[in-house]
Amino acid sequence: MNAPHQLLLITGSTLAMALGSASHATNAIVDWHTQMESAVVVTGKKSPSVAFVYFAYADIAMFDAVNSIDGRFQPFAVRVEASRDASEDAAASVAAHDVLLHYLPLQQATLDLALSTSLGAIADGPAKTEGMRVGQSVAAQWLALRSGDGLEASVSFPLPAPGPGVWEPVPTYPSANPITPPPVAEWQARFKPFALRSADQFLDRVSPPPALTSVIYTRDFNQTKSYGALNSTVRTPEQSEIGLFWTDNPAAQYSRALRGLVASQRLNTAQAARLGAMSFVALADSATACMNAKYHFWSWRPLTAIRNADSNANPDTVADPNWVPLAVTPQHPEYPANHGCVTEALMDALTAFFESDEVPYSVSSTVTGSTHSFDSFDDVVKEVDHARIYGGMHFHHSVKEGNKLGGWVASYLLAHKFCRVGEACPSD
């Protein structure tokens, strides 16, 4: 149950620096990812699967704005005529600002200040002016294309009748004063994805959860019951740290990791814009596909399953009415696991971008105040899969099926978007 990584504890000023990037901001993509973490996650308080969508809106706008100038790749959605001498940083900054302001209007003062700072670092002149025009034009057209896409629409599904295997709202154990919130992000099950044809494009490939009397379910039940309990006697301190590490908002974690890659791999603005868009479209669309599947299968969480195991007709799964997980359970159905979906999709996108799985990669967590460093993208997937069991939120089969779904999403995305000019890039 161990995944290889190097663990570095970071505190105080060291942690603050790690949250910004691996080093000082190197271009507008890094600057605006720092701003997005603050606007979307810290101030906007968007939950993980929702936050991915907000990041993707801005990342696509930045990519299409920069690519309108750079011109090496086919547009994701929008291309405008632009001088090759235009400032890519100015284009990216204005595009990100305008998109974020549209979706987060209450943060105008902060976003305007960020834009002023970004543009202030660029020398005045025709290149800057042209870049600003490009960013503004791309953002306006992109926002028009996304009008009515279902973002945070009022969607509420009727809860299924309670019973063995069926999801129901879960108390926020191990919080000191637990509450039982309603399901979250139901709208995302019907949201219009960015690259996929629809949220349910791959639903028919997703197998149903294993039967409650099956060997697979029995194995997974007992594994999570043992390793995911708050008072587990088999989980090691390192495994506990891993379980808690990945309870940070993954949109923020993967944004910080992206900034680290831009710095460590010395990416220029055009390269960073493409990496950002590939990463967060993969994250957003895999999260959307996963939420669609979750609200299709309505599978119960380990907390409910373990406390009510005497109802499932399986003598090899013994109930524990007092069982509590290590970490708070997310407020949506269990199957398939969202972290499994999105991490696989992201790591596949990163592998495609760098044309290698073996690229040094570091992720930090504000929950544990530590950084995990990996030698390959595949190692990240392995650790995240284990983390959801150590945290007590998921079953093993669920994270593996999430990996499959995330892989399908990434494969489709990479076949249909981010193609070089002149390459065959099917529209569907």
Side-chain angles (χ1 to χ4, degrees), residues 20-37 40 51-77 88-89 91-93 95-96 99 135 138 194-195 250-287 342-364 374 376-378 380-381 406 409-411 413-421 423 425:
S21 68
S23 66
H24 64 279
T26 55
N27 56 48
I29 310 306
V30 170
D31 287 339
W32 281 91
H33 257 270
T34 302
Q35 186 60 43
M36 280 191 277
E37 180 180 358
V40 175
F52 293 137
V53 172
Y54 281 83
F55 275 78
Y57 280 131
D59 270 310
I60 292 169
M62 288 196 289
F63 170 74
D64 275 352
V66 172
N67 191 58
S68 290
I69 299 167
D70 180 66
R72 291 180 300 144
F73 292 86
Q74 298 177 36
F76 189 93
E88 294 176 354
D89 283 342
S93 297
V99 167
V138 166
F194 295 107
Q253 288 184 288
Y254 288 139
S255 174
R256 296 192 295 264
L258 173 88
R259 286 170 256 166
L261 281 173
V262 171
S264 66
Q265 302 301 312
R266 300 183 181 276
L267 303 185
N268 61 29
T269 300
Q271 292 167 329
R274 184 165 67 96
L275 180 63
M278 288 176 68
S279 296
F280 277 86
V281 173
L283 288 164
D285 274 11
S286 58
V342 302
T343 302
E344 182 68 50
L346 173 61
M347 297 306 142
D348 286 357
L350 294 178
T351 299
F353 180 91
F354 290 106
E355 299 181 349
S356 174
D357 171 62
E358 297 181 350
V359 176
Y361 186 73
S362 293
V363 185
S364 63
F374 303 87
S376 74
F377 298 131
D378 185 58
V380 184
V381 176
V409 171
S411 293
L413 165 66
L414 296 168
H416 291 76
K417 295 293 184 180
F418 305 108
C419 302
R420 289 184 178 273
V421 170
E423 287 182 344
C425 196

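Just so it is clear, the model here is predicted, and its values are computed rather than measured.
In this structure, NE2 in His416 is found 12.0 Å from CD in Gln74, a value given to the nearest 0.5 Å. How far CZ of Arg274 is from CZ of Phe73: 3.5 Å, rounded to the nearest 0.5 Å.
Residues Asp59 and Met36 are in side-chain contact: their nearest non-hydrogen atoms beyond the backbone lie under 4.5 Å apart. For the pair Leu283/Phe55, no side-chain contact is recorded, criterion being any heavy-atom separation below 4.5 Å from C-beta on. Taking the side chain as every heavy atom from C-beta outward, Tyr254 and Thr343 approach each other to under 4.5 Å.
Contact between Leu414 and Ala349 at its shortest, heavy atoms only, is CD1-CA, 4.3 Å. The two residues Ala95 and Ala61 make their nearest non-hydrogen contact at CB-O, 3.7 Å.
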(request) Take Leu275 and Leu350, measure what side chain to side chain contact (heavy atoms under 4.5 Å, CB included) needs, and give me the verdict at the end. (result) CA-CA 8 Å; Leu275 180 63; Leu350 294 178; 3.5 Å; yes
(request) Evaluate the criterion side chain to side chain contact (heavy atoms under 4.5 Å, CB included) for residue pair Val281 and Leu413; output intermediate values, then yes/no. (result) CA-CA 8 Å; Val281 173; Leu413 165 66; 3.6 Å; yes
(request) Could you go through the side chain to side chain contact (heavy atoms under 4.5 Å, CB included) check for Leu261 and Val359 one step at a time? (result) CA-CA 9 Å; Leu261 281 173; Val359 176; 4.1 Å; yes
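Residue Glu355 qualifies as open at atom CD: its count of foreign heavy atoms under 6.0 Å is 12 or below.
With His33 as the partner, the side-chain contact (heavy atoms from CB on, under 4.5 Å) test is satisfied by one option alone out of Asp31, Val30, Ile29: Ile29.
Relative ring orientation between Phe63 and Phe418 is described as perpendicular, the plane-to-plane angle rising above 60° on a 0-90° scale split at 30° and 60°.
Side-chain contact of Tyr361 with Ser264: a donor-acceptor pair under 3.5 Å is absent, judged by distance alone.
In this structure, Phe194 has its ring center no closer than 6.0 Å to that of Phe76.
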